Student: 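Sharing a structure, written as structure tokens. Questions coming.
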Amino acid sequence: KKAWEQYMNSLPNIDCYFLQTKKLREGASEQTWIEGNTIYVGDSLDEDPGILLSKTIAALEKILPEYTHFFRTNANAFVNLKLLNEYAETHHQSMFTGPLWQQPFWHLLGYGVLFSADVATHIVNEYRRLEGNYMVSCHVPEDYALTSLATGIFPHYDYVKQNNLQI
């Protein structure tokens with residue numbers, strides 16, 4: 001986190017935020033708020049605060065439609081923000097996910113998901129439509145769920161259903 005804090009504001013046209021769960025503030029009506037470089041998602045009694053997907057959805061809802069692209073990664077992943085921004089500026093209505101270290105021109109170490117605002121909106125809408133479903137639960141890794149929500153392809157869930165497995 002300390003390394004990101006030194007690097008994340010190096011380009012004036014790119015905003016970077018940490019995403020963190022925090023106990024709801026007393027008397028607060030807003031469950032998601034921004035303080036400095038962090039988007040806080042208030043925890044509740046009926047939701048596991050460790051579920052990454054729900055935090056990501058809440059953060060997207062908070063900052064949509066302010067941005068044209070979103071890059072979701074963990075704090076231990078690093079990317080050349082200038083090159084990532086140049087790529088995003090030429091790839092609208094798109095999504096890219098995967099171990100981005102295979103893309104040497106981004107100089108990334110780690111895993112990330114890059115998607116445009118229209119894809120982000122679709123992801124949020126699909127999440128809300130499927131809320132309570134297995135695919136948007138803590139049983140599915142966040143990056144996998146984000147990709148499935150964006151594309152409408154749920155291979156693991158389809159396999160489980162076709163084979164009458166318990167989920």
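Numbers for residues simply follow the sequence, beginning at 1. If you're wondering where the values come from, they're calculated on a predicted model, not measured in any experiment. These numbers come from the heavy atoms of this one structure, side chains and all, not from hydrogens, waters or symmetry mates.
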Student: Do L146 and E142 come within less than 4.5 Å of each other through their side chains, counting heavy atoms only?
Tutor: yes

Student: Are T73 and V79 side-chain neighbours, meaning at least one heavy-atom pair lies under 4.5 Å?
Tutor: no

Student: With a 4.5 Å cut-off on side-chain heavy atoms, are M8 and N37 touching?
Tutor: yes

Student: Can you list everything that forms a ring pair (Phe, Tyr, Trp, His ring centres under 6.0 Å) with Y7? Sequence neighbours excluded, please.
Tutor: W4

Student: Mark yes when over 12 heavy atoms from residues, nucleotides or ligands other than K82 sit less than 6.0 Å from its NZ; otherwise mark no.
Tutor: no

Student: Test of understanding: with salt bridge (Lys or Arg N to Asp or Glu O under 4.0 Å), list the residues that count as partners of E89, not counting sequence neighbours.
Tutor: none

Student: Check T38 against Y40 and note the closest heavy-atom contact, atom names and distance.
Tutor: CG2-CZ, 3.5 Å

Student: Mind checking the OG1-CD1 spacing from T21 to I39? Nearest 0.5 Å is all I need.
Tutor: 12.0 Å

Student: Does anything in residues 2-24 form a salt bridge (Lys or Arg N to Asp or Glu O under 4.0 Å)? List the pairs, not counting sequence neighbours.
Tutor: none

Student: Please name all residues satisfying side-chain hydrogen bond (donor to acceptor under 3.5 Å, both in side chains) with E35, sequence neighbours left out, ordered by chain then number.
Tutor: W33

Student: Side-chain contact test, heavy atoms from C-beta onward, threshold under 4.5 Å: evaluate it for R72 versus L60 and give yes or no.
Tutor: no

Student: So, do Y127 and S54 sit near enough that their side-chain heavy atoms are less than 4.5 Å apart?
Tutor: yes

Student: Looking at L64 and A117, what are the two nearest heavy atoms and their distance?
Tutor: CD2-O, 4.0 Å

Student: I'd like to know if E30 and K62 make a salt bridge, using a cut-off of under 4.0 Å between side-chain N and carboxylate O.
Tutor: yes

Student: With sequence neighbours left out, what residues match E66 under salt bridge (Lys or Arg N to Asp or Glu O under 4.0 Å)?
Tutor: none

Student: Is the shortest heavy-atom distance from the side chain of L19 to the side chain of L52 under 4.5 Å?
Tutor: no

Student: Identify the two heavy atoms, one from Y17 and one from G36, that lie closest to each other, and give their separation to 0.1 Å.
Tutor: CE2-O, 4.0 Å

Student: In chain order, what residues pass the ring pair (Phe, Tyr, Trp, His ring centres under 6.0 Å) check against H69, with sequence neighbours excluded?
Tutor: H92

Student: Could you give the distance from CD1 (I123) to CD1 (I57), rounded to the nearest 0.5 Å?
Tutor: 6.5 Å

Student: Report the distance from atom CG of N13 to atom CG of N85, rounding to the nearest 0.5 Å.
Tutor: 5.0 Å

Student: Tell me, with the steps shown, if L81 and F71 meet side-chain contact (heavy atoms from CB on, under 4.5 Å).
Tutor: CA-CA 10 Å; L81 291 175; F71 182 64; 5.7 Å; no

